[in-house]
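Written out below as structure tokens is the structure these notes cover.
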There are 2 protein chains.
Amino acid sequence: MELGPPGGAGPAEPGPRLRGLRGDDRAASAAWLSEASAGRRAPSVAAVLPAGGSGERMGVPTPKQFCPVLERPLISYTLQALERVCWIKDIVVAVTGENMEVMKGIVQRYQHKRISLVEAGVTRHRSIFNGLKALAEDQPNSKLCRPEVVIIHDAVRPFVEEDVLLKVAIAAKEHGAAGAIRPLVSTVISPSADGCLDHSLERTSHRASEMPQAFLFDVIYEAYQQCSDYDLEFGTECLQLALKYCHTKAKLVEGSPDLWKVTYKRDLYAAESIIKERISQQICILMDAKEDEEHVGRCLEEMLKKELNHVKVTSGALCHAGRDLQQIILEQCYNFVCVNVMTSDFEETRKLLNALEESNLSILYPVVVISVHFLDYKLVPFGQKMEHLMQIKEFAKEVKKRNILLCGLLIYYPQYFHRMGPLERTSPISGVTKTKPWRAPRVKRRSSVAFPLLFNAAFPATTALEGI
Amino acid sequence: MELGPPGGAGPAEPGPRLRGLRGDDRAASAAWLSEASAGRRAPSVAAVLPAGGSGERMGVPTPKQFCPVLERPLISYTLQALERVCWIKDIVVAVTGENMEVMKGIVQRYQHKRISLVEAGVTRHRSIFNGLKALAEDQPNSKLCRPEVVIIHDAVRPFVEEDVLLKVAIAAKEHGAAGAIRPLVSTVISPSADGCLDHSLERTSHRASEMPQAFLFDVIYEAYQQCSDYDLEFGTECLQLALKYCHTKAKLVEGSPDLWKVTYKRDLYAAESIIKERISQQICILMDAKEDEEHVGRCLEEMLKKELNHVKVTSGALCHAGRDLQQIILEQCYNFVCVNVMTSDFEETRKLLNALEESNLSILYPVVVISVHFLDYKLVPFGQKMEHLMQIKEFAKEVKKRNILLCGLLIYYPQYFHRMGPLERTSPISGVTKTKPWRAPRVKRRSSVAFPLLFNAAFPATTALEGI
């Protein structure tokens, strides 16, 4: 099988180092990665994403790749999964003419990089073919480079990991074609013409063919050029085209369950829950008091740390934590509790909001900020504090536009804990992390702090939580 | 094919009325249903549910059929789906010895009826065989009746509808065997020994074999008695056994997407979302004021009615609605907003809670009750009202044990709306229905009521919401 020319601006073809590592995927991957990161010797790789489907199985008018998941279209998650893989040089997305503007808007809004849009065909195979044509450099005005390896993926498989992309790309480089597979969940049967069982297939000797798949560009492009109209209309399997027209037997690569295709409405639910779980893995607690100061706010911090044992909790004094905060944001923390102990206004919360806005963190996922304020039961008239805190509603409206969901929480407590009995347990931010409810522990009595939290009052920034 | 004897206590075999309706499923279903409901002439039907699986694909230690969905084990939803079908006389569940006590506990706690437990075998086929043996009446001390038709279903397909159960049962009565099928989501391939593609199957000429399946009891029992140890160890398809050992070609019945098998963790997420969506379809607003009284509470009612346009909203004065409430509970409404306008305490909320507890509504699904209270900004000192309302925390703890999630909501408002500007929008119960966020409309100014809602304070019954 002849190798195509390396892409014009892409790195050159890898030498025997990669070829010689058959049977040792890990070493091959490491080599590929180090070559890719060094920008030399790795083959040039592009991806084609057919996204022309109508999503009729979903039972909703919006094609499934454009269905919102946490208010962002599904395809944007898939693009994000591909573009974070640095060795994929170009991502060609095939969309129907009627969705072209929508797609352009998505690319712009979520700041996707390395994306080229082409017009989809009426079938999946035709869409893929259009994507390949755009990469073949035989189109006039094409700015794309002909890659050595092309990955084909589905717009509706948003959870693809770099690991499996790498595996299929390496296997394609070696075998000419490769595809991810999964065990069958159901037995497959063949019906007879009268709607009865003809025979059933042995489940263990068959696999579900999933995505991604990868090919030497010349193999799959030749296959598409040679294949019949019947193939283009009714075929579903790219690996089969490579086999039929180029005699290339695809290497099959075991994929993870995450590769599943969002097909039905329930899959959208599942995708949303998976994403929520991922963005709930870390929470950052910021406090405007010094480490050694004792305050009821410190108890809240302790409780949160104890309770959130399934997530990574970072905490620190915000005023001293300018640089720490930048680091936390860089680590993609999407949940913040900002405890305003010393100040009577939102100064600390405002600082945090500014930092978040500057970071662009909330472009891809919603960021949740709980601004906590304390009110001494005996000392401050409730109405007075409340009127002051009402400003948060304005902040919430403002930052909501930037996908930051701000919620205010007023903790109203007596200086002395003369009401300990039934009030020991409270759950001020129940439901905020969403995927796992927050269970407050039984609070230890500490004589040196004014405790317990007598009650909590979510003041009207709750509009900010509407979108979660 | 010989028919077995009718079940001892079950209804007799249906006559030609059912047999003669080939090709007219709807009429056949109607006939079957009317026969079943009249308790005569319909064939006796039992169900076998193999539930001995270890759930290793889920990646969690609990077998998937026992994984909690809204705190109730998945298998309980499946049992509920089967037992609400009145013409299924017995449901035989095969569970492993080590899970027998757990299963007994589930049957008791969720008050499942018509359930018999048998010991599971080490494979799915052996578990089904054990279930069939228990129904065959050749076991000593068996209290079960040998059915004419047996349905086999999976413990991890909780959303099976009566419709498809009926279709497979009717088809089994006519053809000897029948099973639900679905189109393939992925192409199926056959790998060669070296892990490469040997060939791919044409997707359109194959189907996924799903559950439920149904058989004439004698057909499937004979098939299991005759089949080899190899079949029992490695087989996956009951339809295949009927074909191989009884030459019975199963009728294939197109099933709905809801039949899918909960296999991976994402499927649990999907199941939970589907159930939440189902129990969020109806909300009942109860108010202790008369219909013609004007109060800020009436505005809340109006807002809720306008806003909750995707759910069925029922409302009424609780004090006049004793009978209505019974009806609403019977219709399986799981969401209540109880607006306490006239009383300063929880009298109305308490009435509702009593009615709910008596109804047993919350055995299967959590019931959410929002107890709304109003406080005039100028007239009542906040602390005083709050202290009084703190009692709700005790109620919440108490009813939580019975799966009723009580949340208190205090709406604190000024008698005159001199603060209209930034406060027009509020969302007091955001997140309560959970599946769709509640978006408050822009409230119309009404001069005759004290508006707007100045703020809302979720007082500490929030612990009650932890379990949602």
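Residue numbers start from 1 in every chain, and the chains themselves are labelled A, B, ... in the order their sequence lines are given, proteins ahead of strands. Basis for what follows: all heavy atoms, side chains included, without hydrogens, waters or symmetry-related copies.
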In this structure, CG of B:D198 is separated from NE2 of A:H206 (nearest 0.5 Å) by 9.0 Å
task = Test B:S200 against A:Q240 for side chain to side chain donor-acceptor pair (under 3.5 Å), laying out the working first.
result = CA-CA 6 Å; B:S200 78; A:Q240 183 64 20; 3.1 Å; yes
Rounding to 0.5 Å, atoms NZ (B:K265) and CD1 (A:I274) come to a distance of 9.0 Å
So, the part of A:E210 with a heavy atom under 4.5 Å from chain B: the answer is side chain
Using a strict 4.0 Å threshold on nitrogen-to-oxygen distance, state whether A:R266 and B:E272 make a salt bridge. no
Inset, instruction - For residues A:K244 and B:H199, determine if any side-chain heavy atom of one lies less than 4.5 Å from a side-chain heavy atom of the other. - result: no
### Message
Could you tell me if the side chain of A:K276 sits less than 4.5 Å from the side chain of B:Y269, heavy atoms only?
### Response
no
Side-chain touch B:K261/A:V185, heavy atoms, less than 4.5 angstrom: yes
Turns out that what part of A:E202 lies under 4.5 Å from chain B's heavy atoms comes down to side chain
Counting heavy-atom pairs under 4.5 Å with chain B, the top scorer among A:D258, A:L201, A:V188, A:V253 is A:V188
Turns out that what part of A:I189 lies under 4.5 Å from chain B's heavy atoms comes down to both
Applying a strict 4.5 Å limit to non-hydrogen atoms, the region of A:S192 in contact with chain B is side chain
Minimal heavy-atom distance between A:S186 and B:A208, with the atoms involved, is CB-CB, 4.1 Å
### Query
Would you say the side chain of A:S273 lies within less than 4.5 Å of the side chain of B:S273, judging by non-hydrogen atoms?
yes
Turns out that what part of A:S205 lies under 4.5 Å from chain B's heavy atoms comes down to backbone
Rounded to the nearest 0.5 Å, the OG1 atom of A:T187 sits from the CG atom of B:L239 at a distance of 9.0 Å
Minimal heavy-atom distance between B:L252 and A:P191, with the atoms involved, is CD1-CB, 3.5 Å
Just wondering, do B:K251 and A:L197 contact through their side chains at under 4.5 Å, heavy atoms? no
Check whether any side-chain heavy atom of B:T204 sits under 4.5 Å from a side-chain heavy atom of A:F234, and report yes or no. no
